[in-house]
Structure formats: C-alpha cells, structure tokens
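Let me begin by presenting the structure, written as structure tokens, before commenting on it.
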Amino acid sequence: MLAVRLGIWYIWGMKLWNVDRIRGLKGCGRLPCVTAYDFVSARLADEAGFPLLLAGDSLGTTVLGYASTIPVTLDVMLHHTAAVARGTRDALVVADMPFLSYQVSVAEGIRNAGRLLQEAGADAVKIEGGAFRSELVSALTLNGIPVLGHIGLTPQSVNQLGGYKVQGRTQAAAEQLVADARALEAAGAFALVLECVPPDLGEAVTAAVQIPVVGIGAGPGCDGQILVAHDLLGLSLAPPPKFVKPYAALADAVRVALGAYKMDVEAGRFPGPDQCYAQGTAEHPISNREHPISK
C-alpha cells in the first residue's frame, strides 16, 4: 500500500528518512540533527521533524554521570539505541559505536555494528576517526551497514588528545582533516560529523566532499548541525560548550516543579480530590497514555 506523506510517495511501513535522502540534501538544504537517548526524547524529536537522530555515546556524560564517553559499553548502547528506535517513526536513527567496540579488528567492528542494527533497530552507525578508519568503513558499507563518520574532536580519544580541544588550528592539521573527510567519503560514509574546528576549516571540509558534513562547533558553513539535546534544552547540569545555543531552560523549570510538588506533599495539598478515585462508580482506565507508536 502506498501513502502520501509530506508531499512524497513512500511505501507504508518504511521511514521517511534514509541514507539516500540524507545524502541527497548535499547542496540542497540544511540538515538539522539532534541526540536522543530514550523513547521520550526520540519521540519528541521525531515529531519535531528531525531527519536524523543520534543515539550518542555522549549519554555517558549527559545521562549516566561519567566524566567521559569511554566507560560506555556496547550493552549500554544497545539498550539506549533500542529505546530510541522504538520512539522513532520517520527519522534515521544512528547509533554511536562505543569505545573498543570497533577498534580491535574489522571483523569485530562488523559484528558489533550488526548488533546495533539487528538487535537495537538502528538504521546506521557512527564511528570516530579519519582516513585510518577507511578499511572498516568500507567493510561495513559493503556488508549493508551505513556509516556516519566523525572527525575533528573525537571524544573517545580525549586521553590521547589531552582534553577536549579545538582541532585543525595548524595548516598541517587542517589539511589532514580535509584528507580524512575525502578518505571516509571514498570508503562509503554517507555523511560526516565534524566537531570543534574553526569555521573556515568547517567550510573547507564541507566543500571538499560530496556528502553532507554535519557540524558541531564547526561554524555555519557546514551542511547541517547537531547538538546534544540536553545542552540545547538547558537540561545539562554543567555549563554547555561555547558552540551551544540554549533554546530553553528546562533544568530551572524542573527544579521549580519538583519544589512545588515537595511542598504540596509536605503541606497535605497533594493528592487532592481530583487525584483520587471515587467510590461506588465504574472504574475508568488508570492511564490514558497512548500505546507506543508501533500501534
């Protein structure tokens, strides 16, 4: 059965966004992307119309309280990616491959990436690293696993980099990033994330390849932008990076709501009559929540 959605034809049951449509945005439009770590955040972002959701290993710092992404395991990513996939109808879901899930060997990288698609429901995976990852990217794509590359600041290498630092500030480093982008494109990556580089380099990398370049702290010259949802929503407990524009202050709103609930309980104002069940009447369903979107 065919249906019309947003002016295009697609087969019922298939997603609106796939790697071909993402790739086709190069030079035709901006690509807004955002992270999602659970069912609720994925569903809200999907309803907002984001083409690409990243189940990012940044959940290690934003959700799980780690100091870096390095402690995040494959089992953790399988768990969270599955929740994101269940909350998504139209967006392309990309799962971060966590530290040591792809570095040991190409074979292990294929096996673990396959699990993120087969068990968790991801549509693609993201791996960190430049030209030296070309063999893995090629092997993954040849085996039907789409790859989103990630160059510039690569958080899984924070110990080797000596901290979270802007990359590509020297001529040699800038040239290497351009070469990395071209190598990953040649290996089959459908798009790239470029993190924490000067804006002129972001523009140069974007111009050097025929696949979309999604910036995060890489200036306005990229084909798209991605931010961590907690940062843009004002939910992060630490000050956000320079490249973040907060679009809300939800942490403050949450503090106010929690404080009001606490005071109502202490004062005996909650629960009130509206939160109690009447006696001797037919029971209504306990919850009117919708069934998950798979219904």
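All values reported here derive from a predicted model rather than from experimental measurement.
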To the nearest 0.5 Å, atom CE of Met77 lies from atom CG of Asn112 at 12.0 Å

What's the shortest heavy-atom distance between Thr81 and Ala122, and which atoms? CG2-CB, 3.8 Å

Nearest heavy atoms of Ser101 and Pro98, plus distance in Å: OG-O, 2.6 Å

When rounded to the nearest 0.5 angstrom, what is the spacing between OG in Ser58 and NE2 in His230? 9.0 Å

Could you walk me through whether Leu54 and Val34 pass side-chain contact (heavy atoms from CB on, under 4.5 Å), step by step? CA-CA 6 Å; Leu54 174 64; Val34 70; over 6 Å; no

Kindly write out the residues that satisfy ring pair (Phe, Tyr, Trp, His ring centres under 6.0 Å) with His150, not counting sequence neighbours, or none if the list is empty. none

Close side-chain approach of Thr88 to Asp123, heavy-atom, < 4.5 Å: no

Side chains of Arg269 and Met263: closer than 4.5 Å at any heavy-atom pair? yes

State, with a plain yes or no, whether a side-chain heavy atom of Cys33 is found less than 4.5 Å away from one of Pro51. no

Under the criterion side-chain contact (heavy atoms from CB on, under 4.5 Å), I'd like the reasoning laid out for Leu52 against Trp17: C-alpha separation, chi angles, the key distance, then a yes or no. CA-CA 8 Å; Leu52 187 153; Trp17 288 99; over 6 Å; no

Atom CZ in Phe39, atom NE2 in His80: separation rounded to 0.5 Å? 15.5 Å

Hey, what do you get for CG (Asp180) to CG (Leu192), rounding to the nearest 0.5 Å? 9.5 Å

Exactly one of Val244, Leu250, Asp231 should register a side-chain contact (heavy atoms from CB on, under 4.5 Å) with Ser236. Which one does? Asp231

Within the 4.5 Å heavy-atom criterion, are Leu116 and Leu74 side-chain neighbours or not? yes

In terms of hydrophobic clusters joined by side-chain contacts under 4.5 Å, are Val193 and Ile127 together? no

Which Ile, Leu, Val, Met, Phe, Trp or Tyr residues join Val84 in one cluster when any pair of side-chain heavy atoms under 4.5 Å counts as a link? Val93

I would like to know whether Arg115 and Asp75 meet side-chain contact (heavy atoms from CB on, under 4.5 Å); could you show each step before the answer? CA-CA 10 Å; Arg115 290 188 65 192; Asp75 284 341; 4.2 Å; yes

Minimal non-hydrogen separation, Val125 against Val94, with atom names: C-CG1, 3.7 Å

Near Glu135 CD, under 6.0 Å, is it more than 12 heavy atoms from other residues, nucleotides or ligands? no

Between Phe190 and Leu148, is there a side-chain heavy-atom distance shorter than 4.5 Å? yes

Residues which pass ring pair (Phe, Tyr, Trp, His ring centres under 6.0 Å) with Phe50, listed by chain and number, not counting sequence neighbours: none

Nearest 0.5 Å please: distance from the CD1 atom of Ile110 over to the CG atom of Asn143. 4.5 Å

ILVMFWY cluster, Val166 and Val158 together (side-chain gap under 4.5 Å): no

Report yes if some heavy atom in the side chain of Val147 is under 4.5 Å from a heavy atom in the side chain of Leu136; otherwise report no. no

Taking side chain as C-beta onward, heavy atoms only, is Glu128 less than 4.5 Å from Tyr102? yes

Step by step, work out the side-chain contact (heavy atoms from CB on, under 4.5 Å) result for Asp223 and Lys26. CA-CA 7 Å; Asp223 298 299; Lys26 182 74 176 185; 2.7 Å; yes

Can you establish whether the number of heavy atoms outside Arg182 located under 6.0 Å from its atom CZ is more than 12? no

Is there a path of hydrophobic side-chain contacts, each under 4.5 Å between heavy atoms of I, L, V, M, F, W or Y residues, that connects Ile216 with Ile22? yes

Please tell me whether Leu78 and Leu117 are part of a single hydrophobic cluster in this structure, the criterion being side-chain heavy atoms less than 4.5 Å apart. yes

For Arg169, does the CZ atom have more than 12 heavy-atom neighbours from other residues, nucleotides or ligands under 6.0 Å away? no

Under a 3.5 Å distance rule, please check whether Glu203 uses its side chain to pair with a backbone N or O of Asp200 as donor and acceptor. no

Run the side chain to side chain donor-acceptor pair (under 3.5 Å) test against Gln103 and tell me which residues pass, sequence neighbours left out. Gln156

Can you hop from Val228 to Leu59 via hydrophobic side chains spaced under 4.5 Å? yes

Using a strict threshold of under 4.0 Å (side-chain N to carboxylate O), is an ion pair present between Asp46 and Arg43? no

For the pair Thr141 (side chain) and Ser138 (backbone), establish whether a donor and an acceptor sit closer than 3.5 Å, ignoring hydrogens and angles. yes

Pairs flagged by ring pair (Phe, Tyr, Trp, His ring centres under 6.0 Å) wherever residues 242-268 is involved - sequence neighbours left out: Tyr261-Phe270

Atom of Leu184, atom of Val137 and distance for their closest heavy-atom approach: CD2-CG2, 3.9 Å

Do Glu195 and Pro155 make a side-chain contact, defined as non-hydrogen atoms from C-beta onward lying under 4.5 Å apart? yes

Decide if atom CG of Leu258 counts as having more than 12 heavy atoms of other residues, nucleotides or ligands within a radius under 6.0 Å. yes

First locate atom CD of Glu185, then atom CZ of Arg23, and finally report the distance between them rounded to the nearest 0.5 Å. 9.5 Å

Name all pairs fulfilling the side chain to side chain donor-acceptor pair (under 3.5 Å) condition that reach into residues 159-168, sequence neighbours left out, sorted by first residue then second. none

Check Gly60 against Val72 and note the closest heavy-atom contact, atom names and distance. CA-CG2, 3.6 Å

Decide if atom CD of Gln118 counts as having more than 12 heavy atoms of other residues, nucleotides or ligands within a radius under 6.0 Å. no

For the student: nearest non-hydrogen atoms of Leu194 and Gly202, plus distance: CD2-CA, 3.6 Å

